[in-house]
Each structure stands twice: as C-alpha cells, then as structure tokens.
Amino acid sequence: QVQLVESGGGLVQPGGSLRLSCEASISIYSIGAMGWYRQASGKERELVAKVTDDGIEDYGDSAKGRFTISKDSAKNSWNLQMTHLKADDTAVYYCNAVVWQTLRGWKHYWGQGTQVTVSS
C-alpha cells in the first residue's frame, strides 16, 4: 500500500506564488506517474500537472505557463510550483501516484488534499 502526504497549502493573494509538496511512502522510481489534481467547490476534479517516471510532463490548460511540476527522488517526493495565482485557482489540491502492482495492475493513490485559497 502507498501513502501520500501533502503539504504547502494555504492562503495567498492574487498574483502570488505557492509551492505544494507530496511525499510518498515508496521510491518514486516505483511510481509510473506522479501528479497533481484539484477540485473546486461545485466542480469536477481536474488535472493540474503530471509527470511520468521517465520525465514526460503534461499540464491542464489552466496550469500551462504558470505551474511547474518537479520531482525529487532523494526525498521520494514531487512538487507543484504555482505562480501568478488567480481566484479561480482556489480549490482542494490532491497529489496522485499511479503504481503498477503485480497481479493487480495499475492502481491510483491519492493524498488527503490540501486547501489553496487565492483571495485578497
């Protein structure tokens, strides 16, 4: 079983920056894809950013040009650097890991969620 722990959420003013972190209980070399998703009140969960074990990145349309995902193998973690934040970025952010498990296939794991609020 894989556990993910998120940190870094909080309140920030429009135009500001925030950095989220997700630490896994296993090596990131054992994770096929690492990502961040968010869910705003009354809306469906959506992709923010993801990166595969071999470095292929993908960003949601709202994140392109503003957010950057990175990973740190030494810390078994990955981060989301958010800049030029807007009120529409307000949401609960969840980190995600996709892991291949023998005889079980691909499994998704989720962090507990961390609140990001962008407001003046």
Side-chain angles (χ1 to χ4, degrees):
Q1 187 150 336
V2 179
Q3 294 179 310
L4 306 177
V5 180
E6 298 166 319
S7 62
L11 175 65
V12 64
Q13 292 186 333
S17 300
L18 204 62
R19 184 179 179 88
L20 306 181
S21 181
C22 180
E23 184 175 0
S25 62
I26 62 173
S27 170
I28 64 171
Y29 292 119
S30 299
I31 301 174
M34 295 137 277
W36 289 93
Y37 294 74
R38 71 186 184 188
Q39 187 167 22
S41 180
K43 299 183 67 176
E44 191 173 342
R45 185 174 298 186
E46 65 177 356
L47 169 72
V48 179
K50 63 180 179 181
V51 59
T52 66
D53 56 351
D54 52 358
I56 300 174
E57 300 177 6
D58 189 24
Y59 293 89
D61 288 340
S62 64
K64 292 178 181 177
R66 297 191 299 133
F67 298 175
T68 302
I69 190 168
S70 62
K71 52 186 178 181
D72 187 340
S73 60
K75 298 180 179 179
N76 295 334
S77 67
W78 54 100
N79 306 297
L80 181 69
Q81 180 66 50
M82 303 184 290
T83 62
H84 300 93
L85 285 162
K86 305 173 181 179
D88 287 347
D89 294 318
T90 296
V92 177
Y93 285 69
Y94 299 89
C95 65
N96 166 263
V98 184
V99 181
W100 177 262
Q101 297 182 325
T102 303
L103 303 179
R104 300 178 64 190
W106 292 105
K107 299 293 182 182
H108 285 255
Y109 296 90
W110 298 91
Q112 78 282 1
T114 184
Q115 177 71 46
V116 173
T117 302
V118 184
S119 177
S120 60

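Numbering of residues begins at 1 and proceeds along the displayed sequence. Computed over heavy atoms, backbone and side chain alike; hydrogens, waters and symmetry mates excluded.
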For D88, does the CG atom have more than 12 heavy-atom neighbours from other residues, nucleotides or ligands under 6.0 Å away?
no
Locate the shortest heavy-atom distance separating [X] from [Y]; write the atom from each residue and the value.
X    : Y    : result
V51  : I69  : CG1-CD1, 3.9 Å
A91  : Q115 : O-NE2, 3.4 Å
T90  : V118 : OG1-N, 2.9 Å
Q112 : L4   : OE1-O, 3.7 Å
W106 : G32  : CZ3-CA, 4.2 Å

Do [X] and [Y] come within less than 4.5 Å of each other through their side chains, counting heavy atoms only?
X   : Y    : value
D54 : I56  : yes
V12 : T117 : no
V48 : Y93  : yes

Starting at [atom1] of [X], measure out to [atom2] of [Y] and round the result to the nearest 0.5 Å.
X    : Y   : atom1 : atom2 : value
S120 : L11 : OG    : CG    : 9.5 Å
Q101 : Q1  : CD    : CD    : 8.5 Å
R38  : C95 : CZ    : SG    : 15.5 Å
S70  : N79 : OG    : CG    : 4.5 Å
E6   : L80 : CD    : CG    : 10.5 Å
L18  : Q81 : CG    : CD    : 8.0 Å

Would you sort out whether Q39 and Y37 count as a side-chain hydrogen bond (donor to acceptor under 3.5 Å, both in side chains), showing the intermediate values?
CA-CA 7 Å; Q39 187 167 22; Y37 294 74; over 6 Å; no
Between W78 and I31, does a side chain to side chain contact (heavy atoms under 4.5 Å, CB included) hold up when you go through it step by step?
CA-CA 11 Å; W78 54 100; I31 301 174; 3.8 Å; yes
How about W36 and F67: are their ring centres within less than 6.0 Å of each other?
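They do not qualify: ring centres at least 6.0 Å apart.
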Between D58 and L47, is the side chain to side chain contact (heavy atoms under 4.5 Å, CB included) condition met? List the steps.
CA-CA 9 Å; D58 189 24; L47 169 72; 3.8 Å; yes
One pair to check against side chain to side chain contact (heavy atoms under 4.5 Å, CB included): E46 and S62. What are the steps and the verdict?
CA-CA 10 Å; E46 65 177 356; S62 64; 4.1 Å; yes
Is it true that D53 and K71 make a salt bridge, defined as a side-chain N closer than 4.0 Å to a carboxylate O?
no
Pick one: which of R66, M82, H84 meets side chain to side chain contact (heavy atoms under 4.5 Å, CB included) with D89?
R66
Decide whether a cation-pi geometry holds between R45 and Y94; the criteria are a distance under 6.0 Å from NZ or CZ to the six-membered ring centre and an angle within 45° of the ring axis.
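Yes, R45 sits over the ring of Y94.
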Under 3.5 Å, is there a donor-acceptor pair linking the side chains of S77 and D72?
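Checked: S77/D72 side chains show no N/O donor-acceptor pair below 3.5 Å.
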What do the steps show when you test E23 against Q3 for side chain to side chain contact (heavy atoms under 4.5 Å, CB included), and what is the final call?
CA-CA 8 Å; E23 184 175 0; Q3 294 179 310; over 6 Å; no
